[in-house]
Each structure stands twice: as structure tokens, then as C-alpha cells.
Amino acid sequence: MSYSPVTETPPKPSHPRNTWSPTDPMDQVDLGSIDFIPPGEGRAYTFGRKTIAVFRQRDGRLFATDDMCPHKAGPLADGLVGSGKVICPLHMWKIDLETGRCLGENGAVRTYPVRAVNGRILVTLTA
Amino acid sequence: MAGTQKERLVVIGNGMAGARVVEEILARDSDRFAITMFGAEPYGNYNRILLSNVLNGSQRTEETFLNPLAWYAVHDIQLHASVKATLVDRERRAVIGRPMRTDAPAYGLDGCAQAVPCVEEPYDKVIIATGSRPFVPPMDGMGKRGTFLFRTIDDCEQIAAYAKQCQRAAVIGGGLLGLEAARGLLTHGVEVTVLEAAPQPMSAQLDPESGDLLSRTLRQMDINVLLGKITTHILGEEYVTGLRFTDGSALETDMVVVSAGIRPIVEIATDSGLAVERGIVCDDQLRTSDPDVFAVGECVQHRGVIYGLVDPIWDQARTLADVITETNPASTYEGSKLATKLKVMGVELASMGETKKTEPDDEVVIYREPSRGVYKKLIIRDNRLHGAILLGEADTASTLIQMFSLDTALPERRADLLFGPANGASLLAAADLPDTAQICNCNGVSKGCIRAAIEGGCTSVMQVGAKTKAGAGCGSCQSLVAQLLETYADEVVEEPSEHYYVPGVPLPKPELIAAIREKQLKSVSAVFRELADGKEDPGSKIGLASLLKSLWPDEYEDERDARFINDRVHANIQHDGTFSVVPRIYGGVTSPAELKRIAEVAEQYNARMVKITGGQRIDLLGITKENLPKVWQALGIPSGHAYTKAFRTCKSCVGTDFCRYGLGDSIALAQKIERRYQGVESPHKMKLATAGCPRNCSEAYVKDLGAVAIGDGKWEIYIGGAAGGTVRKGDLLSTVEGHEQVLTYMGRFIQYYRENAKYLERTYGFAERVGIEHLRAVLIDDTEGICERLDAEIEKAVAAYRDPWSTEAVRPRNVSQFAGPLPVETSSGTWRETPREETVQ
């Protein structure tokens, strides 16, 4: 599962869904405040040569994928987002944000586990 | 999967066949293979079928790319571009490749760079997809400046560049590709001669009579067609000056394009000790004589046949992917029946199977209509279609191709096959077909597969399509799917979703509007919450936003995530993710000072191109998102709205200001129109023009709204014109007096269009749908008594307009409205590459 609900309180270790104990601190990257992404939109983040897109649905769910449509490398972070899908702004390819698979077309993007903790976005770059 | 070694698959050849087979493999099992591809061309793969469009300039090179280089990265495919595989070393189980010289053609026999280390890739499985190379008939002088082949993007670019300095061009080869080359050359303004060795063009697809008819049609298009000409010499010292033929005659020409067929590229197979005859010999599972080496595409010889069309190659790729991924190890390819449907220089043509009578009992049906260039012929044996030619008119082609490839019994009335049944019924009885019959040729879906989907509960064409992909390609088989539904489904359901206003809210437009009004829903998220169980379908957001805005002009709650990116950042997204900036230039009239400022901004913010648009505006292309607010501030000019569904531009001619023919002040009028209606949103974009006289230099007749001066202060108002993908002359709404009346009637029409058109319906579609008489009655004669209200509504919209550039450049709507990718420091400072199988799935 590549998402979890936005939580405004620290995770409770007893609750399995919110259990988060970093085994390798490098795996978890703090992308900054959740407020950077307006509700229902996506934004891009770069790590050197790599760019990922993080999406914040209005229902609070977060998703992260590579910021590159498998079709013509369109910027997915600029797409339309909702019900676990993003529509690429270039040629309207639709991508399932949970699996990374393109819907109705061949191809897939890589997805990354991402969650909000204390209002900050944490993405796991290595699973 | 982590830790286990993937099987190594090496694909030799990066053309359409190689890339297609990789796509098919990834679709079946994206984790099974570590894939490496060799491509002798320096590009990602591209659609060779579109090359003639590159040559005639109707498509750019980039548009033919099937998979950009990024695709290979996304799928973790290692691509050796510009590296030619030369040997499959079956002892050491490695493919050896050598980098190409940059000047060598990809299909050449040699061309590998010397003194560069070889590339070596170990393999578990190999797929050879080397394709074919142009066949050059034996003749002297090939290689002189001005001689070309027609096979790759590079060939196209060189031909186009060379044609600029030529007056005459000759094409050797009157087959399909030769004629495409000739069409491309025509657009470069050269006189074109096609030379064919046979006594007719396209002898593979046409019989002599239809060949003659096509020759006549081509000649009418100013293409010189010479038949029975075999070239012996290309004349000229360094440059081509002419051709000499076996009959002793000669032709003067400045360039020669050879397009005389193709031959499979088989050297790597021969050198590697695989069985090769004319092509690489493969069994029904596309396996060569080595069980770990497969082949696909034009290099393959299967059951003695070599195919040069895409459909058989797609079939081969599917079987090969089934077999190599073991998703269907028993899958077999049993050959393809050849049928093509295409346009040769704008002439419709379909051809399948045999072109002439071969058995004494063959029944031949022919229809001729030479004055329209129409010829239709059927070859029928045992009440089955064995061949057909449709030239000049090919309405029944899809059905004939189905009947031909499915080998179905034919209707008694043969005329129905040529012209379609008089009663409009379907010719094909889908129920009679065997389960193995392929119904959807685009996606390779059999009748059995569709039947299983129907028996599994699908009750509509759409559901069958979603389940099996049948009908999702060209759509021509949907009537067959509908027939199968009637036969096998307990009940056939008309898909209600076809009537929904947007796919994500299950209501037709009137019911949707009623529900929105009743529940007082003023934002897109509120509609999803109340009417769609909270499911925020992204594909429905923009349509809903448009509807809500028109229903609640003052109270609409503008949620920015319901806007397309262009409308979030007020600029037009380009293919590389940068944006184009078009400042408002009223009526297309600018000043030296404004031009200087635009030039400075273009330089300061690295506009990669500065382009005059079709609407008489200046477009700064290649601006990054984060620079948009700075660019707008530096320009100090309002938005030109070249990105949204709204009033775009009003262009003009110089009218009475300068033109000696001018009858009316078209510039002042255009500026008034544009200042008044700029940015007013509508169901689709609106492009306007004013013309100072009926010479129509500003193309006002073919605009969404146009005003044309006819003298004495009178203006004609045209609506519903179009000169894009659709071309339509506007309808004359009325002739009025003076600028003010033009402004009033245009505004009235705009408001009526805003209220009554469907979302994304352009004015030409709207005008045709409601009819000009109706529009005249309502907007001029006020038969519905709404003109006063329309005038007031449009006045409100005009008054409400705010230039988004000047407001949002200084006060962004949210903290990251114009943010580009945000750089993030990881604690290790670098990105760690993750193995693919661990993250996808």
C-alpha cells in the first residue's frame, strides 16, 4: 500500500497502520510541510537527477510516484488528481496511483510509500 | 523477487517490432526479464509508417516517436542506441555489438566505427528484430550527390533539405512507399516523376485496370507517372542530373529517391549460424533454429512468407510475448491474411488477398465509375471472399476485411458487399463465426473471448470493451460486439453512462443541473460529495467546474485543483513541461516600445523560441513555471488567454488606417471587441477577427465570430466559422451599422453560446446544431424575448473580468502555485536507485 491517511498527531506505536519505525534513516525523507501541496493537487520534488510527484487528495490520502508519465514523460505533478488516479496533463493518460499502472494503456510508473506525520510529508525512497 | 536473478533478455533492433514485443512482454510480466535493447539508430523507436508525413511536413520528427528515451528509463530498459548488434555468440551466450559511425545509415551493411570497443551483453533469451533495408535495384551511379533512399528519419530529413535546391525529383518505385515519397516531395515544390518497372503502380495491391485508374488520378495531381521503366544509370558527375533506362530513353532530374521495396536484414542471423533463407526462418512460436533465439517482424520468414505490414508484426509480437513469458506457452502464430486499408495521396484504397481470378470457377464482381475514379472488385470462391480491391471509395472496407480474415459466408446480394446493404442491416452474422475468429483486429480479441465476457455478465458494448479491449481500437468491430451481445446476453443494457454529463457523476445534464440547484452545490468537491459518494473522478473535474461556473456566476467556489494546469498557472503547457506565454496585444497592434520590452523579457528569461502566432500574437515559448510571475511582471501586459476556454483574440487587417481597399476601420473595431470581451469564459475557445473589406485578409469568414466591412459604415457579422481541424465558413448572422452594433450583437451571441452550448462544443458545432435561422430569430428578432437579459448577462461577465497575470503575479493563490520541482536534500545527499521489482506491484 503506498499511502496512509494524513495524521495530525504523532503515530501511535500500538496502532498497526500508523506504526512507523525507521530502520534506515536514509529511507525516510522529509519533504517539508503538507501545506506546500494545495488539497486535490500534486507537486514535484527533486533529488539530484530524480524527480518525484507527491499528490494530496482532498480526502487526505497521499501518493507518490516518479514525476514522469510513461507515455511521453509528461509532468504528472501538474495533472488532475482524484479517487486514486492522476491524469497526465499532456495527453490525458490515466494512472492508478496505488499501483502505478496506466489504465487502458501499457506502462507503469514507480510508486513510493508516503505519509504525513505532524503535518510533514515523509516519503520512503527505498522500500 | 528481491535477490533472485532476473532472466536476461536481449532485443536486437529498436524499430516498431522490437519495441512492440517489449511492450507486449512488459504488459504480461514486467518483472521477469532484465531487458537490454540494441538500436542502430540514435533515436528511441518511432513509427515508420508516419515517415511520409515527416517528409511532407505534416508531422514533426518528434511526433513519430513511439517511445521517447524516457520510456526506456521508466521501464529500466538498457538501450544501446547507435550500437549495431553484429553477432549472437551462442557458445558464450552473449550478444556482441559495435557502435555505429555517426554518418552511416542504420540499415547499411557496414557502418560500424572502427577502433571503438565492442559492447557485449550476456543473454538467456534473444529476440532478433532487425527489420529490413531498402532494396536498391542494380544500376550505375547510386551514391552520387542527390541520390537517396527512403527508410529512416535521417533519410527524410536529408531528402527534405536537398529538395529545397531542386526543381525536379524522380522516385524509383511505384509501390505504396514510392507513392508516399512522391507525395512528400510534391509538398517541397518540386516536379515529381514516379518510375515503375511494372506496367502499373502498386502491383501488389491492384489489378491492371485499377492500376490504370490510379495512374490517371496521380497524373491529375501533377505527378508524372512513367511505367515499364527500368533504370540502368544515374547520370551526372558529382551531382545527379538525370536517369537512363533500359529502353534507351532518359529523364532529366535533380534528385532521385529509391523506394523499390525492402529486403530482410539477416546478416546477424547468418553470421551466428541460424537458419536463414530469404528471411530468418522461424517456427509457429517465432523461434529460430536456436531454441533460445527468437525473431519478430520484417526479418522473419514464417511458413515461407515474409511480411512487410504492421498487422502481421503485431500478431507475431503477441504470440512471441505469450511464449517467452510463458503466460501462454502453447500460443502459436499461424500466419496472417493480408489486408490493407489506406489513403494513397488522399485516394481511398482497400486491398486484400488476391487481385485477380486464379481458379476457373472464381466469381468476379466488378463495379466501375471512371468519372469519379471509383473501382471496386471482388474475387469470390466457394462463397468466400478471396480478394477485393476498393479504389476511390472504400466505405465497406472494414466489413470486407472482417469477412476476408474470418472467412465467413457471403450474402447472396453481392452488391451489398460493394455499397453496403440497402436496408442498413449488418452484413456479417457474428453468431455464425467460430470461437477462434478474431473480432477485434486492433487488439487481437477473439469471438470466444468476447463470448466468455458476455456470459460472465457483461451487458453492454462498453462493458465488453472494458473487459476484453474489443472495440477499443478503431471501433469498427463494435457492431459485431453488439450482435454478439444480442445473441449471448440474457439482456442487453444500453449503457446509461453514455448519457452522463461527466463520467464520474451518474446523471445526465438536466438531472445534474436540477440536483446542483436543489442541493445548492457550489463547488466541484461538493458535487462529488453529494452526488458521487465522495469519489472525486479526476476526469470529471473540469467539466463540472465549467458547469458550476455558469450556474453560479457570482457564488461559484473556485477550487483550483478542479482546473487544468493551464488555468492554474495561466499559461499553456508544452510537451517538455515548460509553458508558453502570450501577452495580450489588442487587435494585433503593438508598438516599438512594447516590442523592445517583450524582446528584453524573452532574453532575460531564456524564451527558447519567439513565435508569431496564427492569431497575430507573440508567443514566448519554453518559460519555466517558476518564472511565469516574473515574466508577467516584467512584461506589464495583460494575459492573452492563449491557454483557456475563453475569448482568445480578435485579429484584424490594417483596414482604413492604411489599406487602399479598406472600407471600414477594422483595427479600431478589433481593439474595442478585444478590450470588451477579453478573458470571458465560454464552453470552448473563441477566436475572432475583423476585416476591413470582403477580401478577408484577416480571415474573418472562418472565425468563431467575424465582422467584415462592406462600406457605408456597415458590417456583416459571421458566426460559427472554423479553420482548424474542421474548416467551415461562418453563417451570416446579420448586417449592422457601426462598431457599437457589432459589439452588441457579438456579445449577445457570446452569451447565448455560453448558456446553451455543450461543454467543449465550438461555435461551429453549436451553430450547426441549433441552426442559423434559429439564432437569427432569437438574437436579432428577439422571438424569445431574452435579448435584454442576454445583453445584461454579458455585461456582468465583462465587468467581472480581472486580468489573472497582474493579480496572481503579486498575490499567488497558494504558496506553491508557481513552484517548480522543489529540491530536497536527503541525508546521504544522493538518490539511491531502487530495484524495480521491489516498488512496483
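Chain letters run A, B, ... following the sequence lines, proteins first, then strands; residues in each count from 1.
When all heavy atoms of B:H75 and A:A108 are compared, the closest pair comes out as CE1-N, 3.7 Å. Closest heavy-atom contact between A:D35 and B:V815: O-CG1, 3.5 Å. Contact record, A:T46 with B:P821: CG2-CB, 3.2 Å, taken as the closest heavy-atom pair. Scanning both residues, B:K535 and A:S83, for their nearest heavy atoms gives CE-CB, 4.4 Å.
When each of B:Q817, B:Q574, B:E559, B:R560 is scored by its heavy-atom pairs under 4.5 Å with chain A, the top score falls to B:E559. Note: A:P39 leads A:A77, A:A73, A:P39, A:G42 in heavy-atom pairs under 4.5 Å with chain B. Interface summary for chain B: among A:I37, A:V81, A:T51, A:V86, the most heavy-atom pairs under 4.5 angstrom belong to A:V81.
Salt-bridge check for B:D76 with A:R110: passed, with a basic side-chain N closer than 4.0 Å to an acidic carboxylate O.
Interface remark: A:P89 contributes backbone and side-chain atoms alike to the contact with chain B (heavy atom separation under 4.5 Å). The part of A:L90 that comes within reach of chain B is its side chain, from C-beta onward, which places non-hydrogen atoms under 4.5 angstrom from that chain. Neither the backbone nor the side chain of A:D67 has a heavy atom closer than 4.5 Å to any heavy atom of chain B. Of the atoms belonging to B:N814, it is side-chain heavy atoms, and not backbone ones, that fall under 4.5 Å from chain A.
The structure places OG of B:S540 at 10.0 Å from CG of A:L80, a figure rounded to the nearest 0.5 Å. Rounding to the nearest 0.5 Å gives a distance of 9.5 Å between CG of B:L822 and CD1 of A:I121. In this structure, A:R58 CZ and B:S523 OG are separated by 7.0 Å, a value rounded to the nearest 0.5 Å.
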Next on the checklist: Between B:E536 and A:Q57, does the side-chain contact (heavy atoms from CB on, under 4.5 Å) criterion hold? Intermediate values first, please.
Outcome noted: CA-CA 9 Å; B:E536 306 210 329; A:Q57 279 195 177; over 6 Å; no
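Contact annotation: the side chain of A:P75 approaches that of B:I573 to within less than 4.5 Å [non-hydrogen atoms, C-beta and beyond].
Among B:K625, B:R563, B:R568, the one residue that satisfies the salt bridge (Lys or Arg N to Asp or Glu O under 4.0 Å) test with A:D78 is B:K625.
A distance-only check finds a donor-acceptor pair linking the side chain of A:R43 to the backbone of B:S816 [under 3.5 Å].
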